[in-house]
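Below is one structure; the comments refer to it alone.
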Amino acid sequence: MIALITTLTLAQGAIDWHDIVQNGFNDAKFVARAVKGNQKELKKINDDFGQSYRFTKTTAYVKEPFMLRMESEVEDTKLMYILNGGKKLYKLGRVSYTDNVEKSPGKRQTLFDFGILTPSLFKDFYVAKYIRTDSSTGDYVFDVTYNPKYDDTTRYRIWVDKDKKIVNKRVWFAQEGHQRATFIYENAKKVDGIWFPTRCTVKNVEDKVAGITEYEQISINPGLPDSLFKV
């Protein structure tokens with residue numbers, strides 16, 4: 001019995017973030033389409049959460065490490081958002097402004113938000129702690145927190161497909177410790193050797209579906225230039 005417990009302990013200890021990342025991801029372009037956005041249910045997550053669901057179609061460009069560009073349009077006005085490391089650029093029509101969010105990790109959208117896990121996320125930004133292997137699904141369960149250098153106690157519990165190495169479920173606990181939302185990632189497709197979820201359902205703490213986003217026209221590793229992400 002003691003030998004069995006020791007073996008299990010060693011096996012659990014051997015599992016870490018290296019076992020859940022996709023190493024071949026460099027960049028991607030895709031279209032995010034909001035197919036459902038219930039503002040009443042979204043508001044129960046927080047006051048600002050529903051804003052992104054007002055844009056029915058957004059073209060997204062992502063590149064390692066920590067580069068993101070999103071383009072959308074509302075009432076014939078173009079909206080552009082760029083995140084490059086800790087620097088943000090917002091542009092609405094002819095009006096633009098920048099923001100430094102280097103010390104505010106919760107304001108930095110990453111591939112993690114799309115259910116994709118890459119090595120750069122866990123080198124100096126997130127800390128991933130293995131909890132268990134889900135007995136019903138076989139998913140690895142991890143708790144993900146921000147690097148201690150950030151003054152942010154937000155926590156995420158994630159269920160990761162250990163073969164496809166994508167997030168199947170992510171539960172968000174805000175800094176005060178309360179659960180805010182659950183994200184369900186589904187219908188993963190393998191594109192050029194990389195698994196990518198094509199549907200994300202967001203539920204609030206009452207388990208009500210608040211929003212659904214589908215990802216389409218996915219291009220993996222197209223070789224996006226750094227100039228796209230200039231702030």
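Numbering starts at 1 and runs along the sequence shown.
If you take CG on D192 and CZ on F25, they are separated by 11.5 Å, rounding to the nearest 0.5 Å. Here F173 contributes atom CZ and Q175 contributes atom CD; the two are 14.5 Å apart, rounded to the nearest 0.5 Å. Remark: I20 CD1 to Y140 OH distance equals 10.0 Å, nearest 0.5 Å. Here the NZ atom belonging to K203 is positioned 11.5 Å from the CD atom belonging to Q179, to the nearest 0.5 angstrom. Separating the OH atom in Y156 from the CG atom in D113 is a distance of 6.5 Å, to the nearest 0.5 Å. Interatomic distance, NZ of K107 versus CG of D152, reported as 10.5 Å (0.5 Å rounding).
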Let me check something: any side-chain donor-acceptor pairs from residues 208-216 under 3.5 Å, sequence neighbours excluded? List them with distances.
{"unit_1": "E214", "atom_1": "OE2", "unit_2": "R199", "atom_2": "NH1", "d": "2.6"}
{"unit_1": "E216", "atom_1": "OE2", "unit_2": "R33", "atom_2": "NE", "d": "3.1"}
{"unit_1": "E216", "atom_1": "OE2", "unit_2": "R33", "atom_2": "NH2", "d": "2.7"}

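Residues D143 and R157 are paired through a salt bridge, judged by an N-O separation under 4.0 Å between the basic side chain and the carboxylate. Checked for salt-bridge contact, E41 and K43 miss the test: no charged N lies under 4.0 Å from a carboxylate O. A salt bridge links D226 to K63: one of the charged nitrogens lies within less than 4.0 Å of a carboxylate oxygen.
Side-chain contact between L89 and S96: present, with at least one pair of heavy atoms (C-beta onward) separated by less than 4.5 Å. Side-chain atoms of Y81 and Q109, non-hydrogen and from C-beta on, do get closer than 4.5 Å to each other. Counting heavy atoms from C-beta outward, F112 and I116 have side chains that stay 4.5 Å or more apart. The side-chain heavy atoms of T153 and E176, taken from C-beta on, include no pair separated by under 4.5 Å. Residues N147 and Y126 have side chains not in contact (no heavy-atom distance under 4.5 Å, counting atoms from C-beta outward). Side-chain contact between R69 and M80: present, with at least one pair of heavy atoms (C-beta onward) separated by less than 4.5 Å.
Remark: the E71 side chain and the T59 side chain contain no N/O donor-acceptor pair separated by less than 3.5 Å. With no hydrogens or angles considered, no side-chain donor-acceptor pair links T118 and Q22 at under 3.5 Å.
Partners of D19 under the salt bridge (Lys or Arg N to Asp or Glu O under 4.0 Å) rule, at least two apart in sequence or in another chain, do not exist in this structure.
The six-membered or imidazole ring of F114 lies away from that of Y185, with a centre-to-centre distance of 6.0 Å or more. The aromatic ring centres of F66 and F125 sit less than 6.0 Å apart.
Minimum heavy-atom separation, F229 to I82: O-CG2, 3.5 Å.
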